[in-house]
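Only this structure's heavy atoms are used, side chains among them; waters, hydrogens and symmetry mates stay out. Per chain, numbering begins at 1; letters A, B, ... match sequence-line order.
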2 protein chains.
Amino acid sequence: MSNIENLELAGSYREILRQALYVVRSIDADGELSTAQTSTLNMLAAAPQRISLIARNAGIRVPSATEQVTKLATAGLVERVPSNTDFRVVEVRLTTKGRQALDAANLRRNKTMAQAFESLSAHELESIKLAIPAIEKLNEALSP
Amino acid sequence: MSNIENLELAGSYREILRQALYVVRSIDADGELSTAQTSTLNMLAAAPQRISLIARNAGIRVPSATEQVTKLATAGLVERVPSNTDFRVVEVRLTTKGRQALDAANLRRNKTMAQAFESLSAHELESIKLAIPAIEKLNEALSP
DNA sequence: CTTGACCGTTAGGTAACCTAACTATTAGAC
DNA sequence: GTCTAATAGTTAGGTTACCTAACGGTCAAG
């Protein structure tokens, strides 16, 4: 497999990613939860996390994670729970309100996207399904 | 094909896109050209464009496109050329310096990505290649 | 019990978007 | 032909989500 081929692939890959991001952002611009807030909440939906882990998982710095959490906490969607084994650590977890808001936002947005999926052929749909794990792996390979 | 299945697909698709965004952004954080600047320049590399088309193609509003162009023009990477058929219109085109900067940035960044592609199996690589046109179509389906 | 590492917050700054309001030009109606 | 409505782009002002640097509190190891 030639390097030049991969270079071109990288170019188109980049380009469709950029487009896809704007698309997702415009779907998320419905005034409920921003894209960043949603992804933080989605992370917390799986399990409570300390600030530093939120940052690491989201690919952002700790102060940015603090900022996100503060915003969400002010809105009552998450709560800070001081760890009782290490008093430096703050665990962040979804509140009931947070889970409801997240579920509602996810449902509506994923519905919009699922509709678009239906405009694809079965073959095209399949190709996206197959690519997801590969892209996941690629993301990891490109992470620090 | 069930809706529920598509809903789940939408969720994972969203998630890997988010991750991919951070990855691309971190590759682009090399101080040369920002991700947004690069994508504007890439668009202009194909052909000169008026401001409103830059905005439309990039999925942003006209004032944001003006801002981007102003920034690039200040850096000497693009130039505004007033249309001589319609004096309201401004055509924006790459300067030589702009083309050089773009080529250099693209090469280095795509090289980084191409390296990561090589950590994938031939099968995984193929799945990404196949997915690109499908994602492109999906992007269009989700655009306003 | 002190020193160094670690966790999170605060302070201050920037890039990239947005909406609303403006200017200049064009095109269409009468 | 002129007046009006639409269009192209800019300006002004604001927000979000990131960043780095500097700080305070807590833990762990010598």
* Asked: Contacts to DNA chain C from residues 60-77 of chain B, heavy-atom cutoff under 4.0 Å, which residues?
  -> B:Ile60, B:Arg61, B:Pro63, B:Ser64, B:Glu67, B:Gln68, B:Lys71
* Side chains of B:Arg109 and B:Thr38, donor plus acceptor under 3.5 Å -> yes
* Asked: Is the backbone N or O of A:Gln115 less than 3.5 Å from a side-chain atom of A:Glu118, with the two atoms forming a donor-acceptor pair by type?
  -> no
* Asked: Which residue, B:Leu102, B:Asp103, B:Asn106, forms the side chain to side chain contact (heavy atoms under 4.5 Å, CB included) with B:Leu41?
  -> B:Leu102
* A:Lys137 and B:Glu124 ion-paired at < 4.0 Å -> yes
* Looking only at heavy atoms, which two atoms of B:Leu130 and A:Ser127 are closest? And how far apart? -> O-OG, 3.8 Å
* To do: Starting at atom CG of A:Asn84, determine the distance to atom C1' of C:dC7, rounded to an integer number of angstrom.
  => 16 Å
* Asked: For the pair made of CG in B:Asp28 and P in C:dA15, what is the distance, rounded to whole Å?
  -> 15 Å
* To do: Would you tell me if any nitrogen or oxygen in the side chain of A:Arg80 comes within less than 4.0 Å of OP1 or OP2 on C:dT9?
  => yes
* Where is the tightest heavy-atom contact between A:Ile60 and A:Ala65, given as atom of each residue plus distance? -> CD1-N, 3.8 Å
* To do: May I ask you to list the residues of residues 44-56 of chain A, by number, that have any heavy atom positioned under 4.0 Å from an atom of DNA chain C?
  => A:Arg50, A:Ile51, A:Ser52
* Of all residues at least two apart in sequence or in a different chain, which pass the side-chain hydrogen bond (donor to acceptor under 3.5 Å, both in side chains) check with B:Arg93? -> B:Glu79
* Separation of B:Leu33 atom CG from C:dT14 atom P, in whole Å? -> 19 Å
* To do: Would you name the heavy atoms of B:Ala10 and A:Phe117 that are closest together and state the gap between them?
  => CA-CE1, 3.6 Å
* To do: Round to a whole Å and report the spacing from CZ of B:Arg88 to P of D:dT10.
  => 14 Å
